[in-house]
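In what follows, a structure is listed as structure tokens, so that the remarks can point back to it.
No experiment lies behind these values; they were computed from the predicted model shown. The first residue in the sequence is number 1, and the count goes up from there.
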Amino acid sequence: MSDSYKKAVGGLGEKAAVVYLKKQKYKILDTNYSTKYGEIDIICCNKEYIVFVEVKTRKKDSLVKGVYAVDWCKQQHIIKNAYLYLETNKVNKQPRFDIIEVEYSCDDYSVINHYIDAFTQGGEYAIF
């Protein structure tokens, strides 16, 4: 599978996640927020939280769930990005880190799992 194909599939999965989040009454603040630490797929908020969302798109009947790809190292990159986002965009909401799994078959992309508060920050970035 080529990198451009993976990127296209991931992009379609992220679009499906945005549609899902809007239906759940989240306000989308940013997508594909990039820094030297990597990228945050979706930044959104609700009444209580600013939410940093990692989207994992997998083929229907994939053997490995997307949530397992968000390991400790990936979490640390997301947390560092979130820290930078919060420093430059003063937000008075508690941060939260979610994972959304999207499943695809042909041209159908569906959100199958939304892991709310999937992981938490710690270490030197635990100031928020």
Side-chain angles (χ1 to χ4, degrees):
M1 200 178 317
S2 72
D3 285 343
S4 61
Y5 178 78
K6 287 179 186 178
K7 191 169 183 116
V9 167
L12 291 170
E14 289 169 15
K15 286 180 182 180
V18 164
V19 169
Y20 164 83
L21 288 166
K22 286 180 177 179
K23 286 181 182 175
Q24 302 300 313
K25 306 290 189 234
Y26 287 87
K27 179 182 177 188
I28 306 302
L29 302 175
D30 207 343
T31 57
N32 305 116
Y33 175 78
S34 294
T35 72
K36 65 183 180 180
Y37 298 115
E39 180 180 275
I40 296 176
D41 295 328
I42 303 169
I43 302 171
C44 58
C45 66
N46 63 14
K47 290 181 181 178
E48 294 179 70
Y49 297 97
I50 180 163
V51 185
F52 301 93
V53 182
E54 177 67 13
V55 180
K56 289 298 176 191
T57 305
R58 296 289 185 264
K59 194 171 190 176
K60 187 176 175 109
D61 300 325
S62 178
L63 294 175
V64 179
K65 294 177 71 164
V67 69
Y68 297 130
V70 187
D71 60 11
W72 184 85
C73 186
K74 178 71 172 172
Q75 292 173 17
Q76 296 312 299
H77 289 289
I78 295 168
I79 290 166
K80 288 175 185 176
N81 277 347
Y83 178 80
L84 292 174
Y85 182 88
L86 292 172
E87 278 208 324
T88 57
N89 300 277
K90 300 299 179 195
V91 178
N92 293 326
K93 294 180 186 244
Q94 183 67 27
R96 191 179 81 199
F97 300 93
D98 292 5
I99 300 170
I100 291 181
E101 287 181 324
V102 176
E103 181 179 84
Y104 75 94
S105 176
C106 296
D107 290 334
D108 179 43
Y109 287 74
S110 304
V111 170
I112 58 166
N113 288 310
H114 180 185
Y115 299 93
I116 295 172
D117 209 11
F119 57 93
T120 58
Q121 71 273 9
E124 66 184 290
Y125 295 98
I127 62 170
F128 50 85

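- Nearest heavy-atom pair, Cys45 versus Lys93, reported as atom, atom and distance to 0.1 Å: CB-CD, 4.2 Å.
- The shortest heavy-atom contact between Ile78 and Ile40 is O-CD1, 3.8 Å.
- Closest approach of Val111 and Ala16 over heavy atoms only: CG2-O, 3.9 Å.
- Here the options are Asn92, Asn89, Leu86, the test is side chain to side chain contact (heavy atoms under 4.5 Å, CB included), and the partner is Ile50; only Leu86 passes.
- Minimum heavy-atom separation, Glu48 to Asn46: N-OD1, 3.0 Å.
- No more than 12 heavy atoms of other residues, nucleotides or ligands shown are found within 6.0 angstrom of NZ on Lys60.
- Hydrophobic cluster membership is shared by Phe52 and Val91, with clusters built from Ile, Leu, Val, Met, Phe, Trp and Tyr side chains linked at under 4.5 angstrom.
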Working for side-chain contact (heavy atoms from CB on, under 4.5 Å), residues Val53 and Asp41: CA-CA 6 Å; Val53 182; Asp41 295 328; 5.7 Å; no

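- Here Gln24 pairs with Tyr20, Tyr26 under the side chain to side chain contact (heavy atoms under 4.5 Å, CB included) rule; sequence neighbours left out.
- Side-chain contact, Tyr37 with Gln76: no donor N or O sits under 3.5 Å from an acceptor N or O.
- Following chains of ILVMFWY side-chain contacts shorter than 4.5 Å, one can reach Tyr68 starting from Val70, so the two form part of one hydrophobic cluster.
- Without hydrogens or angle criteria, Lys90 side chain to Glu87 main chain gives a donor-acceptor distance under 3.5 Å.
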